[in-house]
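This report refers to the structure that appears directly beneath it.
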Amino acid sequence: MAELMPMPGSGTTDSVMTTVGPGWAIAAVVILGALLTVAAMLDGALAARAEGGSGGVTRPFGEAARLMRQRRRTTVEADSLLWRVGGAGLLVTAALMVTVVPLGEWTIFDLDVGVMWFNAMDVVVWALVWLTGWGANSAHSLVGGYRFLAHGLGYELPLMFALVAPAIAAESLNVGRVAAAQDGLWFAVWMPVAFLVYLLGVAAFSVWGPFAPAIGTDIAGGARAELSGVDRLVFEAGRYALLAAGAAFAVPMFVGGGAGPVLPGWAWTLVKTVALLAVLVWLRRRLPAFRPDKFMEVGWMLLLPAVLLQDLVVAVIAVGRS
């Protein structure tokens with residue numbers, strides 16, 4: 001596939017990334033694990049503050065120890081393979097997402113279609129959450145799985161077109177080129193609609209905040225209703241990992257990648273990722289839950305037209321500059 005030429009004045013070059021060896025994938029998994037731990041600790045602290053207590057930072061570790069000691073239960077005629085593939089697959093998918101995220105000038109996979117790769121992994125989450133609900137052979141978990149699919153119908157197209165905006169501006173689907181194209185001005189500044197819709201999409205595929213009805217208490221926990229022990233621990237870790245992967249991908253797409261003063265590029269990437277991750281965790285208790293049917297109306301009637309208009313504006317500016 002022929003690569004698109006960089007846009008004049010965009011700051012891109014013929015080669016903007018250094019591809020590291022496959023062994024560095026272990027380091028990427030370690031960083032992802034550290035980020036999901038930070039997210040869980042911050043979420044625990046905010047939960048404790050909302051309840052008027054203290055010591056929330058250590059709450060995730062206590063909960064993890066409890067779940068590791070808990071006996072794994074099953075349901076009658078459950079499809080154990082699909083059930084557990086669904087939960088464990090969330091962690092794997094998050095790890096695959098970060099393989100195209102540049103850490104400064106280094107990346108594991110410098111794909112020409114890195115933006116599409118991330119979007120494809122996001123779609124895989126649909127199947128994984130639904131399989132978690134389906135495999136348990138339980139009415140509550142099945143309803144939760146279908147609730148997630150209903151939310152997906154509302155957020156997926158706006159999310160996809162939100163990712164199109166920075167790709168149009170950079171004239172490339174390569175994540176490194178998109179980051180390099182933000183020379184002096186972050187895309188989040190002049191693509192605010194795309195940026196906000198993207199963050200909403202990250203919360204959605206992480207089953208987070210407003211999109212928690214899929215695992216809501218009104219259906220006894222929804223898609224995760226029958227999960228226990230290590231299975232539940234892995235599912236919850238997967239949600240935090242997806243949130244961290246989404247925050248990390250936003251850095252090269254919207255907030256300039258590793259660009260910044262004083263600190264090296266890899267450090268700026270991590271700082272920006274943690275900042276965005278903190279915002280996503282904080283928003284969990286600040287936004288009301290979205291009913292799937294109502295959110296589909298919002299997604300199709302408001303978010304999709306808004307992000308398409310954003311793409312049009314970006315396209316006009318890109319054509320004018322080139």
Side-chain angles (χ1 to χ4, degrees), residues 4-21 24 27-39 41-42 45 97-111 114-115 118 162-163 165-199 202 243-283 310 313-314 317-318 320-322:
L4 294 171
M5 295 298 293
M7 183 169 59
S10 65
T12 56
T13 60
D14 289 340
S15 179
V16 295
M17 288 289 110
T18 301
T19 303
V20 298
W24 284 95
V29 171
V30 171
I31 293 173
L32 181 63
L35 289 173
L36 76 86
T37 302
V38 169
M41 292 171 64
L42 177 58
M97 284 178 172
V98 299
T99 57
V100 295
V101 177
L103 187 62
E105 63 180 23
W106 302 297
T107 185
I108 297 174
F109 294 140
D110 190 21
L111 302 179
V115 177
F118 179 88
L163 292 173
I168 292 174
E171 297 188 7
S172 177
L173 291 170
N174 180 280
V175 181
R177 290 181 182 275
V178 173
Q182 300 170 65
D183 187 11
L185 182 63
W186 293 354
F187 285 162
V189 175
W190 64 285
M191 303 178 193
V193 174
F195 180 53
L196 293 177
V197 170
Y198 170 80
L199 293 181
V202 172
L243 205 66
F249 193 72
V251 172
M253 294 298 291
F254 291 100
V255 294
V262 183
L263 299 177
W266 63 267
W268 272 116
T269 300
L270 292 177
V271 168
K272 293 175 182 179
T273 298
V274 171
L276 289 174
L277 184 58
V279 170
L280 288 169
V281 172
W282 176 77
L283 286 175
Q310 176 79 93
V313 171
V314 171
I317 294 175
R321 291 177 62 181
S322 58

Minimum side-chain heavy-atom gap [X]-[Y] below 4.5 Å:
| X | Y | result |
| --- | --- | --- |
| T107 | V175 | no |
| W190 | I317 | yes |
| L111 | T99 | no |

Please report the shortest heavy-atom distance between [X] and [Y], naming the atom on each side.
| X | Y | answer |
| --- | --- | --- |
| A167 | L173 | CB-CD2, 3.8 Å |
| A194 | A162 | O-CB, 3.4 Å |
| A169 | M191 | CB-CE, 3.4 Å |
| M97 | V101 | O-CG2, 3.8 Å |
| G257 | A179 | CA-CB, 4.2 Å |

Atom pair [atom1] ([X]) and [atom2] ([Y]), whose distance is rounded to the nearest 0.5 Å:
| X | Y | atom1 | atom2 | result |
| --- | --- | --- | --- | --- |
| Y198 | F187 | OH | CZ | 14.5 Å |
| L36 | I31 | CG | CD1 | 12.5 Å |
| L42 | L277 | CG | CG | 7.5 Å |
| W24 | W106 | CH2 | CH2 | 7.5 Å |
| F254 | L196 | CZ | CG | 9.5 Å |

inquiry  = Determine whether V255 and L276 satisfy the following criterion, side chain to side chain contact (heavy atoms under 4.5 Å, CB included), listing intermediate values before the conclusion.
reply    = CA-CA 10 Å; V255 294; L276 289 174; 4.3 Å; yes

query = Judged by atom type as modelled, is there a donor-acceptor pair below 3.5 Å linking the side chain of T269 to the main-chain atoms of L103?
reply =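 Not at all, since once roles are kept as given, no pair shorter than 3.5 Å links the two residues.
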
Identify each donor-acceptor pair in which a side-chain atom of residues 244-253 lies under 3.5 Å from a protein atom, sequence neighbours left out, and give them as a table.
none

